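See below for the structure under consideration.
Fair warning: this is a prediction, and the values are worked out from it, not measured in the lab. Here is the naming used below: chain letters follow the sequence lines, and residue numbers restart at 1 for every chain.
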Amino acid sequence: MEKDLDAVLTDFPKDKFRDHLVDWFLSEKRDLPWRENKDPYRIWVSEIMLQQTRVDTVIPYYNQFMQQFPTLSDLANAEEEKVLKAWEGLGYYSRARNLQTAVKEVQENYEGKVPSTIDEISKLKGVGPYTAGAILSIAYGVPEPAVDGNVMRVFSRILTISDDIGVPKNRKIFEKAVKALISHDNPSAFNQGLMELGALICTPTNPACLLCPVREECLAFEKGLVNELPIKSKKKKPKPLQLVVGVIQNQEGKFLIQQRPENGLLANMWEFPTAEVESDTVQKNEILAFFLNEKYDLQSGKFNYLFSVDHIFSHLIWKMDVFFAKTTSNVESETYRFVTLDECKELPFPVVHQKIYQQIEKSLL
DNA sequence: AACACGGGGCA
DNA sequence: TGCCCAGTGTT
């Protein structure tokens with residue numbers, strides 16, 4: 001396939017494509033909060049938030065985040081728990097942890113100034129090939145490719161590239177195409193224009209070809225292949241996992257919560273005590289009682305079934321049965337403690353456990 | 001190369 | 001339901 005690409009690029013009207021794309025972006029671009037200025041820190045935060053996350057979802061988080069952590073040093077000096085709380089609900093929480101790690105590194109090794117070379121910026125935690133190119137081109141005007149899902153979709157159509165965009169190594173093919181076409185006068189507008197085009201015009205289904213600024217140059221449009229491209233392999237279905245959750249109240253009316261491990265799923269976030277069970281388990285409340293009494297030395301009473309919650313992640317499904325019990329114990333440590341529901345709201349909780357404390361709160365009213 | 005890693009929106 | 005989203009780190 002790569003041989004074809006060279007041939008296609010040779011005949012491709014590069015200047016026309018560049019100009020049409022850049023002009024369109026400059027006149028039609030959306031007014032987004034991270035486009036206020038070129039502060040590399042602001043661009044950086046936006047690019048991390050936008051990973052696998054829609055613009056409309058990001059906007060309120062971004063505004064709140066920039067208000068809370070206006071500068072790189074504000075973020076570097078913040079407590080991780082505050083950063084996670086600001087990220088709560090956005091998902092992929094390692095993004096927040098890695099961003100803070102990287103920001104501290106910039107503070108220490110680069111005198112607080114975000115590095116402007118591909119080699120240096122790529123070493124930062126959480127900054128992969130896409131984000132490196134995005135920050136360099138948008139904040140510093142460096143002509144580096146920033147290939148994301150939008151760009152692969154757009155280019156697969158523009159140049160009729162039929163390599164599977166779900167296969168990671170194929171990203172290099174698209175980087176090569178971008179390098180061959182990118183505007184050196186305005187790499188920022190070129191890269192953002194590609195993404196803007198993917199978001200607004202060259203959408204996955206029902207692309208608005210009649211409104212497309214580069215329809216003239218689009219080989220897929222010319223050949224009637226727009227609906228056949230891009231090629232993308234299917235993802236695996238998430239695996240169901242059966243969990244039991246204990247809502248345990250002490251004699252002051254407070255609830256037991258625990259902090260998750262510092263690695264893996266929902267790292268360092270708080271939750272109601274949870275245990276995995278075999279999917280065919282019948283006496284879930286007894287399993288739960290055994291597990292919790294073992295782990296926390298609770299003198300808990302009987303566990304009564306409350307309700308069930310299903311929660312879908314990208315790679316698994318939690319099927320949770322929630323039980324309630326009273327305890328006379330009051331044990332606490334670094335990673336578990338008794339809190340009021342209002343105190344829960346000050347700590348970073350994954351959405352699925354927010355659902356649980358909201359249900360509890362509702363039933364108490 | 002495959003998998004882990006969230007959550008929401010939309011046809 | 002299934003797919004997609006301004007991807008990266010780990011194994």
Side-chain angles (χ1 to χ4, degrees), chain A residues 25 29-30 32-35 43-62 84 87-99 101-102 121-139 144-154 164-172 174-175 178 188 190-200 202-207 230 232-239 241 260-261 263-269 271 310-318 348-355:
Chain A
F25 176 73
K29 65 179 176 185
R30 288 169 291 178
L32 300 172
W34 45 90
R35 289 179 176 164
I43 306 295
W44 185 4
V45 172
S46 76
E47 291 302 339
I48 300 298
M49 284 193 173
L50 286 161
Q51 289 170 9
Q52 299 293 286
T53 312
R54 285 188 163 70
V55 165
D56 290 341
T57 305
V58 167
I59 290 172
Y61 281 92
Y62 181 80
L84 271 182
W87 212 271
E88 182 188 82
L90 204 47
Y92 286 140
Y93 299 98
S94 66
R95 291 183 295 174
R97 290 150 40 79
N98 291 341
L99 174 60
T101 301
I121 204 168
S122 299
K123 288 191 185 117
L124 298 172
K125 201 86 168 163
V127 178
Y130 163 75
T131 306
I135 298 173
L136 289 186
S137 61
I138 298 171
E144 281 288 330
V147 174
D148 68 342
N150 283 314
V151 174
M152 288 194 283
R153 182 176 60 256
V154 169
D164 186 341
I165 67 168
V167 175
K169 71 173 166 59
N170 287 342
R171 197 195 68 249
K172 291 195 178 303
F174 294 90
E175 285 178 347
V178 172
S188 168
F190 183 89
N191 278 344
Q192 291 188 80
L194 284 178
M195 295 186 272
E196 196 87 342
L197 193 65
L200 300 180
C202 197
T203 48
T205 58
N206 304 321
K232 185 164 190 184
S233 50
K234 311 230 182 286
K235 286 185 184 166
K236 292 191 345 181
K237 278 206 286 200
K239 285 230 160 42
L241 212 55
R260 295 179 59 84
N263 291 304
L265 184 63
L266 305 170
N268 280 358
M269 300 186 82
E271 66 180 2
D310 287 357
H311 191 76
I312 301 170
F313 297 91
S314 41
H315 58 305
L316 51 88
I317 302 177
W318 278 358
F349 262 64
V351 166
V352 59
H353 283 269
Q354 292 176 45
K355 288 181 193 166

Kindly say if [X] contacts the phosphate of [N], meaning a side-chain N or O under 4.0 Å from OP1 or OP2.
| X | N | value |
| --- | --- | --- |
| A:H315 | B:dC5 | yes |
| A:H311 | B:dG7 | yes |
| A:Y92 | B:dA4 | no |

Touch class at under 4.0 angstrom, heavy-atom based, for [X] against every strand present:
| X | value |
| --- | --- |
| A:G198 | nothing |
| A:W34 | base |
| A:P350 | sugar-phosphate |
| A:R35 | base |
| A:V58 | nothing |
| A:F313 | sugar-phosphate |

What does the list of N/O pairs under 3.5 Å between the protein and nucleotides 9-11 of chain B look like, with a distance for each?
none

- Could you pick out which residue, A:R171 or A:R153, lies toward the 5' side of DNA chain C when each is mapped onto its nearest nucleotide?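 Closer to the 5' end of DNA chain C: A:R153.
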- Message: Assuming nearest nucleotide by heavy-atom distance, tell me which of A:K232 and A:L124 is located more 5' along DNA chain C.
- Response: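 With A:K232 and A:L124 compared, the 5'-side residue is A:K232.
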- Message: Both A:G91 and A:V167 contact DNA chain B. Taking the nearest nucleotide for each, which residue is further toward the 5' end?
- Response: A:V167
Mind calculating the distance between [atom1] ([X]) and [atom2] ([N]) to the nearest angstrom?
| X | N | atom1 | atom2 | value |
| --- | --- | --- | --- | --- |
| A:K235 | B:dC5 | NZ | P | 15 Å |
| A:D310 | B:dG8 | CG | P | 15 Å |
| A:K236 | B:dC5 | NZ | P | 12 Å |
| A:L84 | B:dG6 | CG | C1' | 13 Å |

Suppose you measure atom [atom1] in [N] against the same atom in [M]; what distance do you get, rounded to whole Å?
| N | M | atom1 | answer |
| --- | --- | --- | --- |
| B:dG9 | C:dT8 | P | 24 Å |
| C:dC3 | B:dG6 | C1' | 16 Å |
| B:dC3 | C:dA6 | C1' | 22 Å |
| B:dG8 | C:dG9 | P | 24 Å |

- Out of curiosity, A:R171 CZ to A:Y130 OH, how far, rounded to the nearest 0.5 Å? 12.5 Å
- Say you draw a straight line from CH2 of A:W318 to NE2 of A:H353; how long is it, rounded to the nearest 0.5 Å?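 One gets 5.0 Å once the value is rounded to the nearest 0.5 Å.
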- Query: Are any non-hydrogen side-chain atoms of A:F313 and A:L241 less than 4.5 angstrom apart?
  - Reply: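 A:F313 vs A:L241: side chains apart.
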- Task: Using a 4.5 Å cut-off on heavy atoms from C-beta on, say whether the side chain of A:L124 contacts that of A:W44.
- Result: yes
- Message: Going by side chain to side chain contact (heavy atoms under 4.5 Å, CB included), name the residues that satisfy it together with A:N150, two or more places apart in sequence or in a different chain.
- Response: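 A:D148, A:R153, A:M195.
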- Task: Could I get the full list of side chain to side chain donor-acceptor pair (under 3.5 Å) partners for A:T205, not counting sequence neighbours?
- Result: none
- Counterpart residues, side chain to side chain donor-acceptor pair (under 3.5 Å), relative to A:N98 (two or more places apart):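 None.
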If you look only at distance, which donor and acceptor atoms sit under 3.5 Å apart when one is on a side chain in residues 48-55 of chain A and the other is two or more places apart or in another chain?
{"from": "A:Q51", "atom 1": "NE2", "to": "A:T131", "atom 2": "OG1", "distance (Å)": "2.9"}
{"from": "A:T53", "atom 1": "OG1", "to": "A:M49", "atom 2": "O", "distance (Å)": "3.3"}
{"from": "A:T53", "atom 1": "OG1", "to": "A:Q51", "atom 2": "O", "distance (Å)": "2.8"}
{"from": "A:T53", "atom 1": "OG1", "to": "A:R95", "atom 2": "NH1", "distance (Å)": "3.1"}

- Query: Within the modelled atom types, does a donor on one side and an acceptor on the other bring the side chain of A:T53 and the base of B:dG6 under 3.5 Å apart?
  - Reply: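 When only heavy-atom distances are counted, A:T53 does reach the base of B:dG6 through a donor-acceptor pair under 3.5 Å.
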- Query: Quick one: how far along DNA chain C does chain A reach, first to last nucleotide 5' to 3', anything under 4.0 Å to a heavy atom?
  - Reply: C:dG2 to C:dT10
